[in-house]
Amino acid sequence: METTTLASWNVNSLNVRLPHLEEWLKLRQPDIVGLQETKLEDPRFPDSVLAGLGYRSVFCGQKTYNGVAILSRRPIDEISCVMGIPGFEDEQKRVIAATVGDLRIVNLYVVNGQDVGTEKYDYKLRWLDAVHDWLAEELKSHPKMVVMGDFNIAPDDRDVHDPAVWNENHILTSTAERAALRRLMDLGLHDSFRLHNEEGGVFSWWDYRAAGFRRNLGLRIDLCLVSDALREHCTAAEIDREPRTWERPSDHTPAMVTLG
DNA sequence: ATGGTGGCCCGGCCA
């Protein structure tokens, strides 16, 4: 199979982070990129700028909050694009899917959930249920699938800086959230990072507050899941910390996977 | 971490 590099990056406003994205695309030259938290309405999406760097774009955004996009150096089958979870009424722009060659790319900005027990937490769990049922269907017609995104769930204790704080009752690590992620993965979706790395303390997000990055007080919540059919083709996975070191960074850094 | 910073549109929401 042709070598393909994919990345997921929550840019926390593409308006602010476009220079970072341009710089990083030139540096790493990924084939396919999923962006989250673009925070841009569609008419303002910088597709011509990205085209200048060789990337086609499909996007689904809104003002102020949320917003997702897929960029690709190869043709995107626009007919096959899906915006939102089919059958799940949702004002929030958190889901986009597209086909590139024989790869199905699903890009998710999973609900944060605020705090365990809140209305937003319930919405997160309902939303993840709907994603589960949709992906179960989607996998039947698209076995070669990459499900990437900001999952807003740290898979296990290796993925948090302090498991005493980030425990079974805490948002992003609670029992129900981890069970929902497990249920998604039980569809035959594998955390590419864990196919190649066993160590803890490798993070993709650090809070802007309390100098989180400098002290490496982070979480690994940005994931690239590969389907059963791609598992043996997954040759590498890493988190690229570099853009987090740049001036005025996103609080997230890209999670990458290589298929070959 | 009842705190802290950052992005949005304009003091409060969301992360």
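In what follows, every chain begins at residue 1, and chains take the letters A, B, ... in the order their sequences are listed.
- Counting heavy atoms from C-beta on, the side chains of A/Arg104 and A/Lys144 never come closer than 4.5 Å.
- At whole-Å resolution of the value, CD in A/Gln36 and P in B/dG7 are 17 Å apart.
- Between B/dC14 and B/dC9, the distance separating the two P atoms is 15 Å to the nearest Å.
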Every protein N/O lying under 3.5 Å from an N/O of nucleotides 11-15 of chain B:
from	atom 1	to	atom 2	distance (Å)
B/dC14	OP2	A/Lys120	NZ	3.0

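- Between A/Asn167 atom CG and B/dA1 atom P there is a gap of 9 Å when expressed in whole angstrom units.
- Both A/Leu14 and A/Ala210 lie near DNA chain B, and the one whose nearest nucleotide falls closer to the 5' end is A/Ala210.
- In this model, no donor atom of one side chain and acceptor atom of the other lie less than 3.5 Å apart for A/Ser57 and A/Asp47.
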Apply the test salt bridge (Lys or Arg N to Asp or Glu O under 4.0 Å) to residues A/Asp90 and A/Arg126: give CA-CA distance (whole Å), side-chain angles for both, the deciding distance (0.1 Å), then the verdict. CA-CA 11 Å; A/Asp90 196 356; A/Arg126 280 189 289 109; over 6 Å; no
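- One C1' atom belongs to B/dG6, the other to B/dG11, and the distance between them is 15 Å to the nearest Å.
- Rounding to whole angstrom units, CG of residue A/Asn12 and P of B/dG6 are separated by 11 Å.
- One atom, CZ of A/Arg215, and another, C1' of B/dG3, lie 12 Å apart when rounded to the nearest Å.
- A/Arg73 has its side chain within reach of A/Asp31: a pair of non-hydrogen atoms, C-beta onward, lies under 4.5 Å apart.
- Rounded to whole Å, the separation between the C1' atoms of B/dA15 and B/dG3 comes to 15 Å.
- Taking atom C1' in both B/dT5 and B/dA1, one finds a spacing of 14 Å when rounded to whole Å.
- At whole-Å resolution of the value, CG in A/Asn169 and P in B/dA1 are 12 Å apart.
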Show the numbers, then the answer: is there a ring-ring contact (aromatic ring centres under 6.0 Å, His included) between A/Trp246 and A/Trp24? CA-CA 11 Å; A/Trp246 296 347; A/Trp24 188 75; 8.4 Å; no
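- At a threshold of 4.5 Å between non-hydrogen side-chain atoms, the residues A/Val100 and A/Arg56 do not count as touching.
- If you take NZ of A/Lys63 and P of B/dC9, they are 6 Å apart, rounded to a whole angstrom.
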A/Arg44/A/Glu41 under salt bridge (Lys or Arg N to Asp or Glu O under 4.0 Å): CA gap, chis, key distance, verdict: CA-CA 6 Å; A/Arg44 295 186 59 213; A/Glu41 290 178 304; over 6 Å; no
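- Checking the phosphate oxygens (OP1, OP2) of B/dT5, no side-chain nitrogen or oxygen of A/Arg248 falls inside 4.0 Å.
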